[in-house]
Amino acid sequence: QVQLVESGGGLVQPGGSLRLSCVASGFTFSSYTINWYRQAPGKERELVATITSSGGVTSYAESVKGRFTISRDNAKNTVYLQMNSLKYEDTAVYYCNTLTLGPLGATPNWGQGTQVTVSS
């Protein structure tokens, strides 16, 4: 079965940095695009960053461009989200996500999430 496990969240002051990790198993990680989403209290889950299977193409939400960097290490089945210059509005639960082919077609897969809290 597909599993995604996020880690690296925590409490950080404004302007600080965190590095999130997502470790994958149960599928051929190197063949899939991986996404980071986040969900703040009272808001819908939003796409934060995307990285293609080889890592050659990345994309970011406008709100995080220049501050966040997505990367991956296919040998370790891991995708990272380096978050710098953190702001109060970055507070959310962060999830990694991918789509895999299952019995019913394309299946979304989610990790359990990791909490990021930016507070002074």
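FYI, side chains are in, hydrogens and waters are out, and symmetry mates aren't considered; it's all heavy atoms of this structure.
Just one residue in the list W36, F68, Y80 forms a side-chain contact (heavy atoms from CB on, under 4.5 Å) with L20, and that residue is W36.
If you take CG on D90 and OG on S63, they are separated by 7.0 Å, rounding to the nearest 0.5 Å. Here the CD atom belonging to E44 is positioned 8.5 Å from the CD atom belonging to Q39, to the nearest 0.5 angstrom. L101 CG to Y32 OH: the interatomic distance, rounded to the nearest 0.5 Å, is 6.5 Å. S30 OG to D73 CG: the interatomic distance, rounded to the nearest 0.5 Å, is 11.0 Å. With values rounded to the nearest 0.5 angstrom, E89 atom CD is found 8.0 Å from R38 atom CZ. Residue S59 holds its OG atom at 6.5 Å from CG of L47, rounded to the nearest 0.5 Å.
Nearest heavy-atom pair across A24 and L4 is CB-CD2, 3.6 Å. Nearest heavy-atom pair across G8 and L18 is O-CD2, 3.8 Å.
In the hydrophobic cluster analysis, where Ile, Leu, Val, Met, Phe, Trp and Tyr join through side-chain heavy atoms closer than 4.5 angstrom, V48 is grouped together with L86. Taking hydrophobic clusters as Ile, Leu, Val, Met, Phe, Trp and Tyr residues chained together by side-chain heavy-atom distances below 4.5 Å, V12 shares a cluster with M83.
Remark: side-chain polar atoms of N77 are not paired, donor with acceptor, to backbone N or O of G26 under 3.5 angstrom. Using a distance-only test at 3.5 Å, with no hydrogens or angles considered, a donor-acceptor pair links the side chain of Y60 to the main chain of I70. At least one donor-acceptor pair under 3.5 Å links the side chain of R67 to the backbone N or O of S85.
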With a 3.5 Å cut-off and sequence neighbours excluded, list the donor-acceptor pairs that the side chains of residues 103-120 form with protein atoms.
residue: T107; atom: OG1; partner: G105; partner atom: O; Å: 3.3
residue: N109; atom: ND2; partner: T98; partner atom: O; Å: 3.3
residue: N109; atom: ND2; partner: T100; partner atom: OG1; Å: 2.8
residue: N109; atom: ND2; partner: T107; partner atom: O; Å: 3.1
residue: Q112; atom: NE2; partner: E6; partner atom: O; Å: 2.9
residue: T114; atom: OG1; partner: G9; partner atom: N; Å: 3.1
residue: Q115; atom: NE2; partner: A92; partner atom: O; Å: 3.4
residue: Q115; atom: NE2; partner: T117; partner atom: OG1; Å: 3.3
residue: S120; atom: OG; partner: Y88; partner atom: OH; Å: 2.9

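Between F29 and I34, some side-chain heavy-atom pair lies under the 4.5 Å cut-off. Taking the side chain as every heavy atom from C-beta outward, N35 and Y95 never approach each other to under 4.5 Å.
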